[in-house]
Amino acid sequence: MKKVRIKLLIVVYLLFAFISTINVKAEEIQTGKIGITYQYDQEVFTNRSISLYRVATQDEAGKFLYTDSFKGNDKIDNLTTSEWNSLALKLSEQVERNSIPSYDVKITDENGKVSFENLPLGLYLIKVEKVNKGDYEYLSSPILITLPNFDELANDYITEIETTTKTEERKIEKEPPKKTPIKKPSSNPYTNDAIMIYVMEVVLSLIVILSLIYTILKSKKKVNNTSKQDGGEEKGDSEDEQEKQKN
C-alpha cells in the first residue's frame with residue numbers, strides 16, 4: 001500500500017513538474033529576438049541605422065492582426081514569397097508616405113550588426129539606411145519577419161532569428177557638367193547695335209545735308225549783296241553824266 005502511494009506521489013510530482021515546464025516555456029516564447037547584419041558581398045557597413053516597425057500583432061490562434069498604423073492592408077496569412085516581397089515594398093512606401101514612427105532604431109556596430117531583443121510576438125518590417133560609397137550606392141530591400149518564425153530544418157518555430165540584408169550595388173550616375181551656351185550673333189538686322197548705327201548714319205547724313213544747304217544759302221546771299229552794290233554804282237554814274245549834260 002505504501003509502495004502504491006509512493007508511486008502515486010511520484011506520478012503527481014512528475015505531472016506537476018511537466019505542467020510547470022510547459023508554463024515556463026509558454027512564458028518564454030512570448031518575446032523574441034531579431035539580429036540583422038548589414039553587408040554587401042564580404043563588405044559590412046558600420047554606423048548605419050536600421051529601423052524596425054511592428055506591423056502586426058499575433059493572437060493566441062497565431063493569426064496576425066495589423067497595428068493601428070498599418071490597418072487596411074492586404075491579408076497576411078498564407079502568402080507566397082513573391083507576395084511577401086510585394087507586401088514589404090508596399091508597407092515600406094506607406095511608412096515613408098505617412099511618416100510612421102519606428103518601433104525601434106539601432107546603429108550597426110563594427111561588424112555591421114544590430115540586435116533587437118525582447119520583442120513581442122508579431123510581424124515586423126525592417127528598413128535599412130542607404131549607403132553612398134565612392135561611385136556606388138548600396139540599397140537594401142525592406143524585409144518582413146515573423147516572430148515566431150518557422151524553421152524548416154528544425155521543423156519547429158523559433159523566436160531568435162538572425163538574418164542578412166538583401167543589398168544591391170548600383171553605380172551612381174553623375175550628371176555631366178553643364179556647358180555655358182555660346183552666344184551666336186543674331187541674324188536679326190534690327191538689333192540694338194544695328195539700330196544705333198542706322199541712327200548715327202541718318203544723323204550724319206542730316207548734318208551733311210544741312211551744312212550743304214547752309215553753304216548754298218550763304219553763297220546766294222553773298223551773290224545778291226554783290227549784285228546790289230554793282231547796281232548802285234551804275235546808278236550813281238548815270239546821274240553824274242546827266243548833271244554834266246545839263247551844265
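Between the side chain of Glu83 and the backbone N or O of Thr80 there is at least one donor-acceptor pair closer than 3.5 Å. Here the side chain of Asn111 pairs no donor or acceptor atom with the backbone of Lys113 at under 3.5 angstrom. Looking at Glu93, its side chain never comes within 3.5 Å of a backbone N or O of Val95 through a donor-acceptor pair. In this structure, Asn73 contributes its side chain and Phe70 its backbone to a donor-acceptor pair below 3.5 Å.
Met200 belongs to no multi-residue hydrophobic cluster, having no ILVMFWY side-chain contact under 4.5 Å with any other such residue.
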Show, in sequence, the C-alpha distance, side-chain angles and deciding distance for Lys130 and Arg48, and conclude whether the side chain to side chain contact (heavy atoms under 4.5 Å, CB included) test is met. CA-CA 8 Å; Lys130 180 177 74 171; Arg48 301 293 174 176; over 6 Å; no
Decide side chain to side chain contact (heavy atoms under 4.5 Å, CB included) for Ile50 and Thr108; before the verdict, give the C-alpha distance in whole Å, the side-chain angles of both, and the deciding distance to 0.1 Å. CA-CA 7 Å; Ile50 296 182; Thr108 55; 3.8 Å; yes
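A side-chain donor-acceptor contact under 3.5 Å links Asn149 and Thr146.
Between Ile126 and Ile36 there is a side-chain heavy-atom pair separated by less than 4.5 Å.
Taking Phe45 as the reference, Tyr38, Tyr138 meet the ring pair (Phe, Tyr, Trp, His ring centres under 6.0 Å) condition, with sequence neighbours excluded. Under the rule for a ring pair (Phe, Tyr, Trp, His ring centres under 6.0 Å), Phe64 has no partner lying at least two apart in sequence or in another chain.
Residue Leu147 comes nearest to Gln58 through the heavy atom pair O-OE1, 3.3 Å, listed as atom of the first residue, atom of the second, then distance. What you find for Pro142 and Leu125 is that their closest heavy atoms are CB-CD1, 3.9 Å.
Remark: Lys90 engages Asp74 in a salt bridge, criterion side-chain N to carboxylate O under 4.0 Å.
Centroid-to-centroid, the aromatic rings of Tyr103 and Tyr53 stay 6.0 Å apart or farther.
Stacking of Lys171 on the aromatic ring of Tyr136 is recorded, both the 6.0 Å distance cut-off and the 45° axial limit being met.
In the hydrophobic cluster analysis, where Ile, Leu, Val, Met, Phe, Trp and Tyr join through side-chain heavy atoms closer than 4.5 angstrom, Val55 is grouped together with Ile100.
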